[in-house]
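Structure record follows, encoded as structure tokens.
Atoms within each ligand, like the ligands themselves, are counted from 1 in listed order.
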Amino acid sequence: MQRPFKSLSRSLRQPFNRLYARHRLRQYHSRERSLEEVVDWAMHFGGYGYMTVQTLQIPSEITQLAKAVQAIKPKIIVEIGTARGGTLLIWSYLASQRVITCDLNDMRRQKPLFSQFSPPGSQCQITLLSGNSHDANFKARLARELNGEKADFMFIDGDHTESGVEADYNDYKEFVRPGGLIAFHDIVEKQPLSTNQVFHFWKRLKLGADVQEFVADPDQCGFGIGLVRVPEA
Ligand SMILES: C[S@@+](CC[C@H](N)C(=O)[O-])C[C@H]1O[C@@H](n2cnc3c(N)ncnc32)[C@H](O)[C@@H]1O
């Protein structure tokens with residue numbers, strides 16, 4: 001349970017944190033950005049409290065993934081696992097029409113910031129959905145949001161247990177178009193936490209599939225990105 005003083009102090013700082021975040025967003029939007037710059041902003045946007053934007057990624061891995069996604073000129077991107085919005089900043093740069101990002105966390109406080117991530121002139125609309133990806137109701141909400149359209153790319157970075165990541169893949173792959181891409185974060189075998197089990201699913205999924213792996217160092221502990229192309233037929 002959060003202590004009342006801590007909670008009050010957080011609330012009092014909130015307007016200042018919002019101002020700082022708006023300042024950072026104006027700086028980010030002040031000129032056109034290369035993909036490499038956007039990745040750098042995703043990692044170093046910074047901020048305070050709820051208004052922090054950040055991602056824990058290895059730059060070479062996320063840049064390779066972003067380039068593969070950029071190559072298919074995505075209109076719609078879906079993400080499971082928003083956290084502090086770092087990868088959302090990248091997807092909102094790449095998608096021309098829509099990004100839908102999902103998290104267990106209530107994202108109402110972040111909405112005014114995250115929903116403004118798309119670059120100036122972009123038509124990309126950002127939708128934040130709070131809920132558990134494993135709930136049937138949540139899947140139905142995403143289906144309603146997509147309204148029959150398919151995503152070009154889906155980033156699965158939510159529940160990292162083997163059964164959780166497998167369920168996300170099986171439940172949500174139908175929302176990605178044939179020829180589209182699905183990526184998984186944290187696919188390497190060596191992990192700092194026993195609950196990071198994406199590797200166990202990934203090693204089964206990649207057999208016989210059209211995949212690419214972006215892993216900065218074969219001996220690294222944690223991260224690595226796996227990308228699978230959805231068959232055309
Ligand atoms: C590793 S973080 C995502 C990081 C983000 N993609 C980035 O790199 O900027 C994982 C997030 O997934 C969310 N999450 C975990 N299980 C989930 C679930 N079943 N449904 C929706 N979100 C979930 C967590 O709340 C957490 O914020």
Side-chain angles (χ1 to χ4, degrees), residues 21 24 28 35 38-47 49-66 69 77-95 99-111 113-115 117 126-143 145 151 153-173 175 181-188 191-199 201-202 214-216 221-227:
R24 290 294 284 159
Y28 169 64
L35 184 53
V38 174
V39 169
D40 196 55
W41 270 89
M43 300 189 65
H44 301 111
F45 191 107
Y50 296 114
M51 294 291 115
T52 306
V53 178
Q54 206 175 46
T55 180
L56 280 178
Q57 296 282 341
I58 296 173
S60 65
E61 294 177 355
I62 190 69
T63 304
Q64 286 178 86
L65 172 65
V69 176
I77 293 178
V78 172
E79 170 174 73
I80 300 177
T82 320
R84 292 184 180 269
T87 44
L88 171 62
L89 191 82
I90 303 171
W91 314 143
S92 61
Y93 171 81
L94 294 175
V99 179
I100 306 176
T101 186
C102 315
D103 204 287
L104 282 174
N105 296 331
D106 178 345
M107 296 188 280
R108 272 175 294 188
R109 288 193 190 87
Q110 288 92 343
K111 190 176 173 199
L113 175 64
F114 287 2
S115 61
F117 274 175
I126 295 168
T127 305
L128 312 177
L129 294 185
S130 294
N132 188 336
S133 64
H134 305 321
D135 283 353
N137 286 343
F138 189 78
K139 183 177 174 183
R141 259 176 82 197
L142 180 61
E145 285 291 340
F153 169 60
M154 178 174 289
F155 190 50
I156 298 183
D157 190 16
D159 184 345
H160 280 45
T161 63
E162 182 176 4
S163 58
V165 72
E166 181 159 13
D168 280 345
Y169 176 72
N170 287 330
D171 290 341
Y172 292 93
K173 64 176 191 266
F175 295 125
L181 300 171
I182 302 176
F184 301 86
H185 193 227
D186 235 350
I187 58 154
V188 301
Q191 288 288 338
L193 297 172
S194 61
T195 46
N196 286 359
Q197 301 162 351
V198 181
F199 169 79
F201 171 63
W202 175 249
F214 308 123
V215 179
C221 181
F223 307 125
I225 296 173
L227 182 65

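Looking only at heavy atoms of the protein, atom 16 (N) of ligand 1 is closest to D159 N, 3.3 Å. Among protein heavy atoms, the minimum distance from atom 17 (C) of ligand 1 is reached at L104 CG, 3.5 Å. The protein heavy atom nearest to atom 2 (S) of ligand 1 is A83 CB, 3.7 Å. What sits closest to atom 4 (C) of ligand 1 on the protein, heavy atoms only, is D157 OD2, 3.3 Å.
Of all the heavy atoms in A216 and E61, the pair that sits closest is N-OE2, 2.9 Å.
The residue among T55, N132, V53 with a heavy atom at the shortest distance from atom 8 (O) of ligand 1 is T55. Among G158, S133, A167, the residue whose heavy atom lies nearest to atom 18 (C) of ligand 1 is S133. Checking L56, D103, T101 against atom 25 (O) of ligand 1, the nearest heavy atom belongs to D103.
Taking the side chain as every heavy atom from C-beta outward, Y50 and Q110 approach each other to under 4.5 Å. When side chains are defined from C-beta on, I225 counts as touching H185, because their heavy atoms get closer than 4.5 Å.
Between H160 and the options V165, D186, L193, a side chain to side chain contact (heavy atoms under 4.5 Å, CB included) holds for only D186. The ring-ring contact (aromatic ring centres under 6.0 Å, His included) test with F184 is passed by exactly one of Y172, F214, W202: W202.
Residue-to-ligand polar distances keep F155 apart from ligand 1: every N/O pair is separated by 3.5 Å or more.
Proximity of H185 to ligand 1 is not established, as no heavy-atom distance is less than 4.0 Å. Using a 4.0 Å heavy-atom cutoff, G131 is listed among the residues neighbouring ligand 1.
In this model, a donor atom of one side chain and an acceptor atom of the other lie less than 3.5 Å apart for N105 and D103.
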